[in-house]
2 protein chains.
Amino acid sequence: MFSLPQLEAFVAVAEELHFGAAAERLNMTQPPLSRQIQMLEKKLGTQLFGRTSRKVELTAAGATLLPRARQILDMCIKTDLDVRRVSSGEAGAITVGYTAIAGQSALPVMLRRAAEGMPGVSFVLRELVSTDQMDGLVKGSVDIGLLRPIVARPGVVSRPLMQDRLVVALPEGSSLLGNMAAPKGEPLPLGSLDRLPLLMYSTKEARYFHDLVLRLFASAGAHANITQYASQVPALLAFVQAGLGVTLVPASAMAFAPAGVEFHEIDGRHGIQELNRVDLELAWNEETANPAVLRLLRLIETF
Amino acid sequence: MFSLPQLEAFVAVAEELHFGAAAERLNMTQPPLSRQIQMLEKKLGTQLFGRTSRKVELTAAGATLLPRARQILDMCIKTDLDVRRVSSGEAGAITVGYTAIAGQSALPVMLRRAAEGMPGVSFVLRELVSTDQMDGLVKGSVDIGLLRPIVARPGVVSRPLMQDRLVVALPEGSSLLGNMAAPKGEPLPLGSLDRLPLLMYSTKEARYFHDLVLRLFASAGAHANITQYASQVPALLAFVQAGLGVTLVPASAMAFAPAGVEFHEIDGRHGIQELNRVDLELAWNEETANPAVLRLLRLIETF
DNA sequence: ACTCAACAATTCAGTAAAGGTATGAATGTT
DNA sequence: AACATTCATACCTTTACTGAATTGTTGAGT
C-alpha cells in the first residue's frame, strides 16, 4: 500500500506540474521527491505522470488518483482534529443514565445548561433504574448517572444533586379513606393510610423507595398493607388511577401524573418531616477516561 | 501526521483488544506493535487505549478514531483498486469529439458497441468541428475524434471509419429549378443547380465540405452562386427550409432534416460518382496515455 | 501470603527506508 | 553551438522500523 507522504508528494506534483516547485512546497529537495513518485508509481503498478525533461502532465491513472488522494489527506487531517477535540473534551458524547423521575426534573435542567456550556458535546440518554445505572457505570456503558443513593460499587463516586419529598397519591374522589378524608390539597397524616391497600415499590429495582416508604409507615405507627408491587412511578400511578389503592411518590412526579389521581403532602409532625427526604445523586466512574465527562463534572460544580 | 501502518495497527488492536493477538494478525511481533500505538498516541496527543497488564479498552478518543481509521483505510484500498483499473483500461473516461453529422451516424454505433465491449468506461461527448477536434487531440482535451479527413497535426493519426455521399437539398415544392425540376426522389444532375442561390459551407470551419462542393460543381461545369455561408449542416438545412436556396449535405443528414426540405441523389454520370465521396475518420493522438483509449481502438479494429 | 501465568513495556542490535548533495541526461532556447 | 532548465541517477548519511530477549506488573490459584 502507498503511504500518506507519497500521496502528499503526488498531490503537490500534480498541482504544480513541476518537480522542483513541488519539492520546494514540500520543504525538500527534488531528487527524493522524484523517487517518492517513482515508488508510488511502482506500488500502483502504473505511470501517474507523463514526464519529459521539459513537461510534466497527469496520465489517466494520475487524474483518477488526484481527487481521491486529496480526499484521503483531507480525511486524515479532519480525523486528527476530531480526535484531539474529543480528547480535550471539546467534543464527544456522554451517556447519561437517569431514573424515570429524574427524567422529568434534574435531567432537563442539566441538559439545558450543558447545551449552553459545552456545545459540541452530544448526549446519549438511557432511562434506567438506579441499580442498572450502577452496573453501567462500572462497565463503562453509562458515563453519568442520575440515581438514588444506593450502595455504590467500587470505583463509582457520587454527590447529592437534588432533594425531594414523598407525597401521597390517591384515586380522585375515592372513598378509601372513609371518614379520615382530607380536602384536596391538604396535608394528610400517614396514619390515615393504615391498612389501606398500598401500591409498593419492588424490593429489587426500587429498593431505595421501598425501604423509605416502610420507614415512614413504621415511624407513623401505620401498618403497610401491600397489595401490589411495581418498580416505576408511572406504573404505580396507573394503579392509583384505576382505584386499586394508594401510594407515595416523589413530589416531582406530580408533574406527569395522569388525570384521576389526587396528591396530598404528608403531615410532617412526629419526626416524619426529617425522614421524608428523597435524594437524587449524580454518580460517575472515578476512572472515566472520557474528557467530556470530566468537563461536565466541572461545569456542574458551578451550579 | 500519523501513518497508515499506524492506523492499521490501531484498528487491529481496537478489534482484538489484545496486543499479542493483534500483532499476530498483523504478522509482526508484539513489541513493535506496542511502539506503533505509542507513536500514534504521541502524534495525536492523547491516549487511545486504557491498558493495564490484564485488559485493553478503548478511550473516548480511541472510539472516535476507530470508525474514521477504518474509513481511511477502506478509502485507500478502494483508491488503489480504482487507479489500477483505470491504468489497465478496465475503467476510465474517454472524451470523444464528433461533428454534428457524425453525432447522428457513426457516434451512436460506436457508443453502443463500446458500452457492450467495455463496461466501466464512460464517455464524455463534445460536438466540435473537425479543426477544433484536431486541436483538442493535440492538447489532449479530446481522446478520440470523429472528423473529416483534414490535414493532420503532428502526433495525430487517423483511419477511415465511414463513407458517405452528398445529396441535394431543396425547399420542398420550390420553383427554383424552373423547368429542370425532377420528381421527388429522382436523381438530379448538378447542372440543374447552375447559378442557383447556393448555401455554402464556410471555408474555415468546414473547409472539407467547402472544397468538395466546389470540386463537384466544377466537375459538372456548373457555376456556384454562393449566397450564404454556414459551418454546420443543420444551419444550412434551416436556410433551405426557409426557401433561401439549395445546398449539398451528407446523405446521413437526411435523417434529421426539418420538414419542408426535399432531397435528391446527385446524378452520378461524367465521373461525378467518383468525386462524390464524404469520408469520416477516426483520429487519436499517437502518444495517448489513456489505457481506455487504447482498448477502444483495439475494439474498433474488430468491426 | 506466595507463586505462577499472562501480557504489555523496554532494551538493544541489525536493517530497511528516507533525505541530502553532487552529477548526469535530455530538450528546448538564445 | 553553447546554455538553461528540469527530471533522473548515484552515493552517502541519518532516521526509523523490526525482531529477539528481557523486564515489570497484575490478577489468579494454592
Side-chain angles (χ1 to χ4, degrees), chain A residues 1-44 46-59 61-62 73 138-140 153-155 286-287 289, chain B residues 1-44 46-59 61-62 76 138-140 153-155 286-287 289:
Chain A
M1 181 60 62
F2 47 75
S3 70
L4 294 177
Q6 281 166 355
L7 289 188
E8 283 170 26
F10 169 77
V11 171
V13 175
E15 286 176 354
E16 302 282 347
L17 291 179
H18 187 297
F19 277 73
E24 193 171 349
R25 198 168 104 179
L26 294 167
N27 292 314
M28 65 194 296
T29 54
Q30 171 263 317
L33 174 59
S34 287
R35 274 211 314 268
Q36 287 294 350
I37 298 295
Q38 287 166 11
M39 291 287 181
L40 180 58
E41 288 177 327
K42 193 171 165 191
K43 280 181 180 149
L44 291 175
T46 182
Q47 289 275 115
L48 297 170
F49 296 102
R51 42 199 191 273
T52 67
S53 64
R54 301 310 281 182
K55 183 169 66 176
V56 176
E57 59 188 354
L58 278 173
T59 62
L73 294 172
V138 171
K139 284 192 306 178
R153 305 265 298 270
E286 211 168 13
E287 290 155 2
Chain B
M1 180 60 63
F2 47 76
S3 71
L4 293 178
Q6 282 166 356
L7 289 188
E8 283 170 27
F10 168 77
V11 171
V13 175
E15 287 177 354
E16 303 282 347
L17 291 180
H18 187 298
F19 278 73
E24 193 171 349
R25 198 168 103 180
L26 294 166
N27 292 317
M28 66 193 300
T29 54
Q30 170 262 318
L33 175 60
S34 286
R35 286 197 45 201
Q36 288 293 354
I37 298 295
Q38 287 165 14
M39 290 291 179
L40 180 59
E41 289 177 327
K42 194 172 165 190
K43 280 181 180 146
L44 290 174
T46 181
Q47 289 276 114
L48 297 170
F49 296 101
R51 42 201 191 273
T52 67
S53 63
R54 301 309 278 184
K55 181 170 65 179
V56 176
E57 59 189 353
L58 280 171
T59 62
C76 288
V138 172
K139 284 192 307 176
R153 304 262 300 270
E286 210 168 14
E287 290 155 1

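Remember, predicted model here, so these are calculated numbers, not experimental data. Residue numbers start from 1 in every chain, and the chains themselves are labelled A, B, ... in the order their sequence lines are given, proteins ahead of strands.
The CD atom of B:Gln6 sits 8.5 Å away from the CG atom of B:Leu44 when rounded to the nearest 0.5 Å. In this structure, CD in A:Glu16 is found 9.0 Å from CD in A:Glu24, a value given to the nearest 0.5 Å.
A:Pro5 comes within 4.0 angstrom of no nucleic acid atom, judged by non-hydrogen atoms across all strands. Residue A:Thr52 is classed as a sugar-phosphate contact, given heavy-atom separations below 4.0 Å to backbone atoms only.
Between A:Phe10 and A:Phe49, the ring planes are tilted. Angles from 30° to 60° get that label.
Taking only distance into account, the side chain of B:Arg35 never meets the base of D:dG19 through a donor-acceptor pair shorter than 3.5 Å.
Going from atom CZ of B:Phe19 over to atom P of D:dT25 covers 17 Å, rounded to whole Å. In this structure, the CG atom of A:Leu40 is 12 Å from the P atom of C:dA18, given to the nearest Å. Distance, A:Phe49 CZ to D:dA8 P: 10 Å, rounded to whole Å. Taking atom CG on B:Leu17 and atom P on C:dC7, their separation rounds to 13 Å, with Å as the unit. Following rounding to the nearest Å, B:Leu26 (CG) and D:dG19 (P) show an atom-to-atom distance of 10 Å. In this structure, NZ of A:Lys55 is placed 12 Å from P of C:dT27, rounded to the nearest angstrom. Residue B:Glu24 contributes atom CD, which lies 12 Å from atom P of C:dC7 at whole-angstrom precision. What separates CD1 of A:Ile37 from P of C:dA18 is a distance of 13 Å, to the nearest Å.
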Test log, rule salt bridge (Lys or Arg N to Asp or Glu O under 4.0 Å), inputs A:Arg51 and A:Glu41 = CA-CA 13 Å; A:Arg51 42 199 191 273; A:Glu41 288 177 327; 2.9 Å; yes
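The residue among B:Gln36 and B:Gln30 whose nearest nucleotide of DNA chain D is located toward the 5' end is B:Gln36. Heavy-atom nearest nucleotides on DNA chain D were determined for B:Pro31 and for B:Met39, and the one closer to the 5' end corresponds to B:Met39.
Within 6.0 Å of the NZ atom in A:Lys55, the count of heavy atoms belonging to other residues, nucleotides or ligands does not exceed 12.
Checking the phosphate oxygens (OP1, OP2) of D:dT18, no side-chain nitrogen or oxygen of B:Thr29 falls inside 4.0 Å. Applying the 4.0 Å criterion to OP1 and OP2 of D:dC7, one finds that A:His18 has a side-chain N or O inside that range.
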